[in-house]
2 protein chains.
Amino acid sequence: MAVTLADVAARAGVSAATVSRVLSGNYPVAGATRSRVLRAVEELEYVVNGPASSLAAASSDLVGVLVNDIADPFFGIMASAVQSEMEPEKAGGKLAVVCNTGGSPQRELTYLTLLQRQRAAAVVLTGSAVEDPEHAEALSARLRRLAAAGTRVVLCGRPPLPEADGDGDDGGTGDGGKGIPGGGAPLTVAFDNRGGARRLTGHLLALGHRRIGYVAGPAERTTTRHRLEGHRAALADHGRDHGHDLLAEAARLTVHGAYDRSSGYDGTLELLRREPGLTAVLAANDTVALGVCAALREAGLSIPGDVSVAGFDDLPFSADASPALTTVRIPLHDAGARAGRLALGRESAPPGGVATVRTELMVRASTAAPRANRPVPQAG
Amino acid sequence: MAVTLADVAARAGVSAATVSRVLSGNYPVAGATRSRVLRAVEELEYVVNGPASSLAAASSDLVGVLVNDIADPFFGIMASAVQSEMEPEKAGGKLAVVCNTGGSPQRELTYLTLLQRQRAAAVVLTGSAVEDPEHAEALSARLRRLAAAGTRVVLCGRPPLPEADGDGDDGGTGDGGKGIPGGGAPLTVAFDNRGGARRLTGHLLALGHRRIGYVAGPAERTTTRHRLEGHRAALADHGRDHGHDLLAEAARLTVHGAYDRSSGYDGTLELLRREPGLTAVLAANDTVALGVCAALREAGLSIPGDVSVAGFDDLPFSADASPALTTVRIPLHDAGARAGRLALGRESAPPGGVATVRTELMVRASTAAPRANRPVPQAG
DNA sequence: CTGTTAGCGCCTTCAG
DNA sequence: CTGAAGGCGCTAACAG
């Protein structure tokens, strides 16, 4: 039905093998022959049959990028950075495709299966992982199988997989260890969420804040936990230095919600209910922070005059929100690009397989010292 | 290397054909046999070899979704809606993958080639098209070939392709017309950008605005042009009814920029320079509108007290921006879902192959009647 | 440098 | 309802 290699070969007066060789470009072919073939390809508008090629070569040019929420720039930036490393225009370039899990562990597994079915060259998993042990087990099993099948696995923005303990290979290949083709152990580009959160809370404490609310992300996600840990570590630091235990209050001043604007809004209302004397609110990320700001404003509180607000991630809109948001910068583009290169094997693996990217505190206009005696609104 | 159909067959004590049949599920197989096979599949952790299967069946379960900017929720929402129709968990479900063109026509073509190479089941192109005639020609040629190869093509949020005039099939198959397998002519889910813009500008005119600035999108994109046309149509309506020609001013009060926040910011500054007496600014979309608001605020102008602002698209953040943004709602999710169903052939084609989705004016807090004598800032 | 020869793993008639 | 057999289009050794 469609034009095949053989058609091109016939037209160029060469064998199919020769056509294949000029197309893949990794084998010497005489200049004259090459151009004759290329012309035939043009004339016939030939397009390689990917499945056939993948089958014969036992390899594919698909690279999957899994994201939790495709409508969130946090993931968009990483995904496009990964894609930017793929060079799809060049021969041998990969086709990076992004798959939206919607944050569902089930869907994550489904996509991994589909990608495994396609014999994807690599898979990049971005964003926080769900901490449910059952899912974690299913996930690492699947990832291990992918790696064993030669698919490179890269984690970006999530912690490294737990060591595959037990080696419970039920009577399989029985090869003694490093028999894995292109895969190997999953590589990781991790974010220093803990450190970033710690510095951020430290910044607020240094400004003099003592009643700090925290609108955290979903309770079961690694990113949420790490940021929360950093936050509490800073509170603990403070307690150690000043003999003033802020940790006891921490749980009461923490609410959980999704990584979206409305949970920032709702969370802030709840926090205000619990503690009308709040002088600062930390948000799970910048998007949540915008919701926090909206709720605060509607409550008649000024930012940072009455209440300071800070986000996390430093997405593009944060710098020119009003007021400009104090936040923790994660170099998402760099991280994604690096993950992309690792996925292609174009960059050597970091020691231990884990690269941690530094986060940076961005102090802007949304945080300031608390007012000495801020008028406490009437509690509901 | 990996476990194959034959392995499963051997384990289940049946032939490969039988395994294939239970897996694809579209052929009668005895219940006992089926469960025996399924168990073998489980035990062996068998995963179909996609390329082999695609080759043999001459079909694939890949569906490509092309977007201009993956970090923009406008596209994220459509893409996830498309994916939501794919049912990847079910047998016969498709793998929807999104490809980020970054707005580059070249990259758009590259991805289409790659998708054609993969023999994608369908391709959905979202967002505005570039109007360069050369590219348009290359694009429709590629799309026609895709369709001819059996790939369903759906346009979502862009105008239908021009009719393939000439029928310049250079001595090809010579089948007399409707010989196309699954493809057929590209289907379109178009947005009524023109009508939406017209109502939006009409709304401002009705409020009493006469000096309306417009921060438009990139000049060469269809969406930009349609929204601008709607805007000017409303101005023309007004002139006709009131004998007051606003069109003459329109060009001077229009600036072009990217679909991002900073062009809203910069564009507003430029408009203010050209016409310090502006009472309203229309933005290419909601994101741009946020930039407009930022610039206005920094210029010491209040919204909507001094200047009204309106966006387009009604992205989630628009409703709770401050002030809440007047905008034109496009049912992006519905449109994307419909495109997805059309791509799967699960919904019958609209008459003429083009479905136009209605847009809806959302009047919120960012627009109001102009102040009778607003203090004109000193021009620079 | 180029042609020939086997498959890659699966689907799909065609028999039974 | 199940098995046997051929071939999908391409690549990767081999020869030459």
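Note that these values count all heavy atoms, side chains included, but never hydrogens, waters or copies made by symmetry. Only a predicted model underlies this, so the values are computations on that prediction, with no experimental measurement involved.
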Interatomic distance, [X] [atom1] vs [N] [atom2] [rounded to whole Å]:
X        : N      : atom1 : atom2 : result
A:Leu23  : D:dA12 : CG    : C1'   : 16 Å
B:Asn49  : C:dC10 : CG    : P     : 5 Å
A:Leu55  : D:dG7  : CG    : P     : 17 Å
B:Gln118 : D:dC10 : CD    : P     : 13 Å
A:Asp7   : D:dC10 : CG    : P     : 9 Å
B:Leu44  : C:dG9  : CG    : P     : 14 Å

Which residue lies toward the 5' end of DNA chain D, B:Arg34 or A:Pro51, if each is placed at its nearest nucleotide?
->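 Here B:Arg34 is the residue nearer the 5' end.
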Assign each of B:Gly13 and B:Arg119 to its nearest nucleotide of DNA chain D by heavy atoms, then name whichever residue's nucleotide is nearer the 5' end.
-> B:Gly13
For the side chain of [X], counting heavy atoms from C-beta on, which of [options] is nearest?
X       : options               : value
A:Tyr46 : C:dG3, D:dG3, D:dG9   : D:dG9
B:Pro28 : D:dC1, C:dC11, D:dC10 : D:dC1
B:Arg21 : D:dG3, C:dT12, D:dC14 : D:dG3
A:Ala56 : C:dG3, C:dG7, D:dG3   : C:dG7
B:Ala30 : C:dC10, D:dT2, C:dC8  : D:dT2
A:Ala52 : D:dA12, D:dT2, D:dC10 : D:dC10
A:Ala17 : C:dC10, C:dC8, C:dT4  : C:dT4

Distance check: side-chain N/O of [X] vs OP1/OP2 of [N], anything under 4.0 Å?
X       : N      : answer
A:Ser53 : D:dC10 : no
B:Thr33 : D:dT2  : yes
B:Ser54 : D:dC8  : no
A:Thr18 : C:dG3  : yes

Distance from A:Ser54 atom OG to A:Leu62 atom CG, nearest 0.5 Å?
-> 7.5 Å
Please lay out, stage by stage, how A:Gln116 and A:Arg142 fare under the test side chain to side chain donor-acceptor pair (under 3.5 Å).
-> CA-CA 9 Å; A:Gln116 182 178 355; A:Arg142 170 115 276 142; 3.3 Å; yes
Donor-acceptor under 3.5 Å (A:Thr101 side chain, A:Val67 main chain) =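 Judged by distance alone, yes, a pair lies under 3.5 Å.
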A:Leu5 near the nucleic acid: base, sugar-phosphate alone, or nothing, with a heavy-atom cut-off under 4.0 Å?
-> base
Going by distance alone, is a donor N or O of one side chain under 3.5 Å from an acceptor N or O of the other, for B:Glu108 and B:His135?
->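 Yes, B:His135 and B:Glu108 have a side-chain donor paired with an acceptor closer than 3.5 Å.
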Does any donor atom in the side chain of A:Ser15 or A:Thr18 lie under 3.5 Å from an acceptor atom in the other side chain?
->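 Checked: A:Ser15/A:Thr18 side chains pair up, N/O donor to acceptor below 3.5 Å.
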